[in-house]
Asker: 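Structure below; questions to follow.
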Amino acid sequence: MNKRNIIISCGAILLSLTGVWAQQPQPLRLTLDECREMALSHSEELQQADNALRQAELDQQIAKTAFLPDFDASAIGSYILPDIDMMGMKLRMRGTYMAGINLTQPIYAGGKIMTGNRLARIGKEAASEQLRMTRMDVIVEADNAYWSYIAVNRKVRMIESYQAQMDTLYRQTETALAAGMATENDLLRIEAKRTEIHYQLQKAQNGADLCRMSLCRIVGADFNTGIDPVDTVFTIQAPGTLSPELDARPELHLLEKQVVAGKEQVRMARADMLPVVGLSVGYSYYGNIKINGMADAGGTMVPYTQEFRDGLGLAMLSVKVPIFHWGENGKKVRKAQYELRNAELELQKNSRLLSIQVQQAIRNVQDGYGLVETAKKGLQQAEENLRVMHNRYAASMAPLTDLLDAQSGWKQAASNLIEAQAQYKIYETEYLRSTGMLE
């Protein structure tokens, strides 16, 4: 291959690599707040809840129109054959037309209009609470994924550090074996431990990649996008006084709305037992109705035609009073009352369950903080033990198994602290959601 072909081939390779690099998504640096914002903007569940709120707002606007009169216009055209015989005359309706407008105003509907408006308002408030609840669920999911990803990444780095320690020990033992100061069994023990660490590292890396893809799904990023968390420091503060109040919990508000709606449904059922009063006003214009016949004109019968074309006004007040329907309306009222009672029982039952959830969330935060403090002490002790064992092993005052045990204990203590810190942050978020304060 000549020099010119080599240059062309290298250029083609560089161009292809440039295209591959250009297709790789840029790493995404995310703070916790940015993660939440992206998750909220991407969540399909939140968009559906927002659409439900918009629908409830339209339902309320539709319910308000029941107070207003209805305007209707109509037009009728007909062509009737044959002509109608009317005592020797012919009624001709070929091309007859009628057009008019009508206004209908409900005056009293047994309270249904007012009740319907109240139900629409309750529906809107319930949809708003549902939106709040969905928003909190999305934030909780985002926080869990964010802190889990950070925890797994920290475990990966910790295992890599553990692996580096074991590699160093392996080289030192290998040198000592060559000098006759170590045994072949020591080297085999270290090699077995290195294999175990390599297995653990692969599992942790696979777990980190799964957590990254889960976080990409939540924030709406491509699954190949690298995630670079910014808030990697676990800030753990002692929990103060944690309130068990439920007043801001959207689930509680939804249950209360169900009870209020049940009361309105009882009123709606009773409205069927009350009279309905309505007023209708209209005006119609008709034309092209003809009568053909014979008329006496001085003893002579002559044919004649008369056309009818005129307008009519109409005003009508209607009253509808239910009298007897075989007890149907009364049964509807009792059915609505049972549904109301069920809603009240549901509120009573779930209020206790929500209180238990809050108490459990408070306990989790308190216990989580205690686990973090315990894990910190455990790591300090494991580090000190590892330092002592290193010195003793270097001075040939401790066997290799004691050093390996100390390293394994350090690794477990470090892992416990990472898990405790990440879980505490998740518990904090869950407590805020359980009290309705997660915004």
Side-chain angles (χ1 to χ4, degrees), residues 51 54-124 264-265 267-330 332-333:
N51 290 338
R54 300 292 174 262
Q55 288 177 323
E57 291 173 347
L58 291 174
D59 287 338
Q60 187 177 23
Q61 295 173 10
I62 292 170
K64 289 180 179 179
T65 62
F67 290 108
L68 305 176
D70 291 335
F71 288 92
D72 298 300
S74 62
I76 300 174
S78 63
Y79 194 93
I80 300 176
L81 287 176
D83 295 342
I84 302 173
D85 189 5
M86 297 180 62
M87 301 177 63
M89 296 181 291
K90 297 291 185 180
L91 178 63
R92 186 173 186 177
M93 301 179 67
R94 301 179 186 180
T96 301
Y97 61 86
M98 179 181 291
I101 58 173
N102 189 67
L103 180 148
T104 303
Q105 173 65 55
I107 298 176
Y108 179 71
K112 281 189 174 183
I113 296 177
M114 295 293 295
T115 303
N117 274 268
R118 287 193 294 267
L119 283 171
R121 175 178 53 81
I122 294 169
K124 177 185 174 182
E264 297 299 333
Q265 290 293 351
R267 294 190 181 98
M268 186 69 77
R270 284 176 177 160
D272 290 334
M273 306 171 67
L274 301 175
V276 177
V277 181
L279 175 65
S280 295
V281 178
Y283 180 83
S284 299
Y285 186 83
Y286 62 90
N288 204 23
I289 301 176
K290 298 178 180 180
I291 293 181
N292 297 329
M294 302 295 291
D296 186 359
T300 304
M301 302 298 292
V302 295
Y304 77 96
T305 298
Q306 183 178 358
E307 181 178 356
F308 296 91
R309 188 190 307 267
D310 202 352
L312 295 174
L314 173 68
M316 180 175 62
L317 180 68
S318 64
V319 179
K320 179 182 178 182
V321 181
I323 297 176
F324 183 68
H325 294 89
W326 304 99
E328 176 188 359
N329 295 329
K332 287 182 179 179
V333 172

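This chain uses plain numbering: 1 for the first residue, then up along the sequence. Source: prediction; values computed, not measured.
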Asker: Are any of the side-chain heavy atoms of F308 and I291 separated by less than 4.5 Å?
Answerer: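 With C-beta onward as the side chain, the pair touches.
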Asker: Would you compute the distance between atom CG of N102 and atom CE of M316 and round it to the nearest 0.5 angstrom?
Answerer: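 It is 7.5 Å, given to the nearest 0.5 Å.
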Asker: Within the structure provided, determine whether F67 and I113 are in side-chain contact (heavy-atom separation under 4.5 Å).
Answerer: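 Yes, their side chains come closer than 4.5 Å.
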Asker: If we only count heavy atoms from C-beta on, is the K124 to D59 side-chain gap below 4.5 Å?
Answerer: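 Contact flag for K124/D59 side chains = no.
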Asker: Let me confirm one number: the NZ-CZ distance from K64 to R121, rounded to the nearest 0.5 Å.
Answerer: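 Reported value, rounded in 0.5 Å steps: 10.5 Å.
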Asker: Can you name the closest pair of heavy atoms from P322 and L274 and give their distance?
Answerer: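 Scanning both residues, the minimum pair turns out to be CD-O, 3.5 Å.
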Asker: Heavy-atom distance under 4.5 Å between the side chains of K90 and D85, does that happen here?
Answerer: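 Yes, their side chains come closer than 4.5 Å.
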Asker: If every non-hydrogen atom of A63 is compared with every non-hydrogen atom of A120, which pair is closest and at what distance?
Answerer: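 Result for this residue pair: CB-CB, 3.8 Å.
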Asker: So do V321 and V319 actually touch side chain to side chain, heavy atoms under 4.5 Å?
Answerer: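 SC-SC contact between V319 and V321 confirmed.
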Asker: Going from CD on E264 to CD1 on I122, what distance comes out if it is rounded to the nearest 0.5 angstrom?
Answerer: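 Those atoms lie 5.0 Å apart.
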Asker: Say you draw a straight line from CD1 of I289 to CD of Q306; how long is it, rounded to the nearest 0.5 Å?
Answerer: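 Going from the CD1 atom of I289 to the CD atom of Q306 covers 11.5 Å.
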Asker: Can you see which heavy atom on A271 is nearest to which on G110, and at what distance?
Answerer: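 Smallest heavy-atom distance, with atoms named: CB-O, 3.0 Å.
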Asker: CE of M273: more than 12 outside heavy atoms within 6.0 angstrom?
Answerer: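 Not more than 12 within 6.0 Å, no.
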Asker: If you round to the nearest 0.5 Å, how far is CD of E57 from CD of Q60?
Answerer: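 Atom-to-atom, Q60:CD and E57:CD are 8.0 Å apart.
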Asker: Looking at D83 and R92, would you say the former's side chain and the latter's main chain have a donor-acceptor pair under 3.5 Å?
Answerer: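 Flag not set: sc D83 to bb R92 has no pair under 3.5 Å.
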Asker: Output every pair passing salt bridge (charged side-chain N to carboxylate O under 4.0 Å, His left out) with a member in residues 68-82, not counting sequence neighbours, ordered by first then second residue.
Answerer: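 For residues 68-82: none.
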Asker: Has the side chain of N288 got a donor or acceptor atom that lies under 3.5 Å from a matching backbone atom of G95?
Answerer: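 Judged by distance alone, yes, a pair lies under 3.5 Å.
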Asker: Below 4.5 Å, heavy atoms only, C-beta onward: do L317 and I107 meet side chain to side chain?
Answerer: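 SC-SC contact between L317 and I107 confirmed.
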Asker: More than 12 heavy atoms of other residues, nucleotides or ligands under 6.0 Å from CG of L58: yes or no?
Answerer: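 Buried by this count: over 12 neighbours within 6.0 Å.
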Asker: Quick check for you: to the nearest 0.5 Å, what is the distance between D310 atom CG and Y285 atom OH?
Answerer: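 Nearest 0.5 Å value for the CG-OH distance: 7.0 Å.
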Asker: So, for T104 and S280, which heavy atoms are closest and what is the spacing to 0.1 Å?
Answerer: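 In terms of heavy atoms, the two residues are closest at OG1-OG, 3.7 Å.
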Asker: Would you name the heavy atoms of P106 and L68 that are closest together and state the gap between them?
Answerer: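 For P106 versus L68, the nearest heavy atoms are CD-O, 4.3 Å.
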